Amino acid sequence: PPWMLFQPLFKAPAGPPFDHCDVSFSNSYVDFLLLRFVSGGGGAVVAELTVIDAKATGKVKVGAMVQVAYYALLLETLIATDPRLAGVRRHLRLARHGGVWLYGEA
């Protein structure tokens, strides 16, 4: 069964693409991170992570899509570079699509 993580905290690592001189990144709280165990090919099972941002509105706005894309880039970078994930990196992957959950929607 899938797991839903509520507001996990992530911090942008030092280095590309997060070290631009005109922008600084604070802590990031992803609203929801859906974790599903799926086939990774060759009989392997991988944990697939899907970013879901929650909005108190009835319509998806560009800012929400940008936020999902930023969180996905952050997670992709962390999975690829964080030394604490070295032993499990090959068992993790980011889903191809993220989502925006709208207030009042099921």
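Only a predicted model underlies this, so the values are computations on that prediction, with no experimental measurement involved.
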Would you confirm whether [X], through its side chain, and [Y], through its main-chain N or O, come within 3.5 Å as a donor-acceptor pair?
| X | Y | result |
| --- | --- | --- |
| R89 | I79 | yes |
| Y71 | Y29 | yes |
| D53 | V100 | no |

So, for T77 and T81, which heavy atoms are closest and what is the spacing to 0.1 Å?
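For T77 and T81, the tightest heavy-atom pair comes out as O-OG1, 2.7 Å.
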For residues Y103 and A56, report the shortest heavy-atom separation together with the two atoms involved.
CB-CA, 3.6 Å
Find the distance between CG (L75) and CG (D82) and round it off to the nearest 0.5 Å.
11.0 Å
CD-NE2 distance between E48 and H91, expressed to the nearest 0.5 angstrom:
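Answer for the CD-NE2 pair, E48 versus H91, is 15.5 Å.
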Determine, step by step, whether L34 and L49 satisfy the side-chain contact (heavy atoms from CB on, under 4.5 Å) criterion, reporting the C-alpha distance in whole Å, the side-chain angles of both residues, the deciding distance to 0.1 Å, and the verdict.
CA-CA 6 Å; L34 177 65; L49 305 168; over 6 Å; no
Should [X] and [Y] count as side-chain neighbours, where that means a heavy-atom distance under 4.5 Å?
| X | Y | value |
| --- | --- | --- |
| I52 | M4 | yes |
| T50 | L33 | no |
| L35 | P2 | no |
| Q7 | D31 | yes |

Evaluate the ring planes of F32 and F6, with Trp represented by its six-membered ring, and classify them as parallel (under 30°), tilted (30 to 60°) or perpendicular (over 60°).
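The arrangement is tilted - the two ring planes meet at 30° to 60°.
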Show your working on side-chain contact (heavy atoms from CB on, under 4.5 Å) between V45 and S39 and close with a plain yes or no.
CA-CA 5 Å; V45 174; S39 173; over 6 Å; no
Does the side chain of K55 pick up a donor-acceptor pair with the side chain of Q67 at under 3.5 Å?
yes
Let me check something: do V62 and V51 share a hydrophobic cluster, defined by ILVMFWY side-chain heavy atoms less than 4.5 Å apart, either directly or through other members?
yes
For the pair F10 and L78, evaluate side-chain contact (heavy atoms from CB on, under 4.5 Å) and give the outcome as yes or no after the intermediate values.
CA-CA 9 Å; F10 297 98; L78 289 171; 3.6 Å; yes
Quick one: do V30 and L5 satisfy side-chain contact (heavy atoms from CB on, under 4.5 Å)? Show the steps, please.
CA-CA 9 Å; V30 177; L5 303 175; over 6 Å; no
V38, L92, V88 screened by side chain to side chain contact (heavy atoms under 4.5 Å, CB included) with V46, the one that passes
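Exactly one pass, corresponding to V38.
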